[in-house]
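Working notes, structure below.
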Amino acid sequence: DIIFLGMPVFDIKLYFLTGDPRFDPYAGTGVGLYWLTEGSLSNNSGGVGMGAQLDLGFDYYLTDFVSLGFEGVFRSIAFVTDFGTPSVSQASLPYSLMGKAAFHF
């Protein structure tokens with residue numbers, strides 16, 4: 001019952017190929033804000049934090065307006081789980097693999 005939420009605050013992507021390629025690989029980096037809910041547990045597993053991310057992926061353009069893609073994202077996140085004195089923190093290193101479909105306008 002724990003929910004992990006992330007919101008990118010700043011994200012930069014570098015596309016390697018120039019011109020108008022159908023296959024468009026990229027690398028990216030960014031920072032974000034993260035929330036971890038307690039869920040139904042009472043073991044102090046909730047928290048808030050900030051983290052960095054690195055990602056690699058590609059877009060494949062089926063037409064000028066429609067693309068399919070795949071992306072892998074590695075995040076390093078520091079969570080503060082208790083704001084008491086002293087505060088308690090922990091680190092999390094999640095990795096995500098995502099498939100995507102996009103419409104460009």
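Please read all numbers here as calculations on a predicted model, not as lab measurements.
Every residue meeting the side chain to side chain contact (heavy atoms under 4.5 Å, CB included) condition with Leu17, not counting sequence neighbours, appears here in chain and number order: Pro21, Asp24, Pro25. Among residues two or more places apart in sequence or in another chain, the side chain to side chain contact (heavy atoms under 4.5 Å, CB included) test is passed with Ala27 by Phe16, Leu56. For Asp55, there are no salt bridge (Lys or Arg N to Asp or Glu O under 4.0 Å) partners two or more places apart in sequence or in a different chain.
Hydrophobic clustering, defined by side-chain heavy atoms of Ile, Leu, Val, Met, Phe, Trp and Tyr closer than 4.5 Å, groups Val73 together with Met98. Tyr95 shares a hydrophobic cluster with Phe23, Phe58, Tyr60, Leu62, Phe65, Val66, Leu68, Phe70, Phe74, Leu93, Leu97, Phe103, Phe105; the chain of contacts runs through ILVMFWY side chains whose heavy atoms sit under 4.5 Å apart.
For residues 59-72, every residue pair satisfying the salt bridge (Lys or Arg N to Asp or Glu O under 4.0 Å) rule, not counting sequence neighbours, is listed here: Lys13-Glu71, Asp59-Lys100.
Distance check: Arg22 CZ to Ser67 OG gives 11.5 Å after rounding to the nearest 0.5 Å.
The backbone N or O of Asp11 sits nowhere less than 3.5 Å from a side-chain atom of Thr29 that would complete a donor-acceptor pair.
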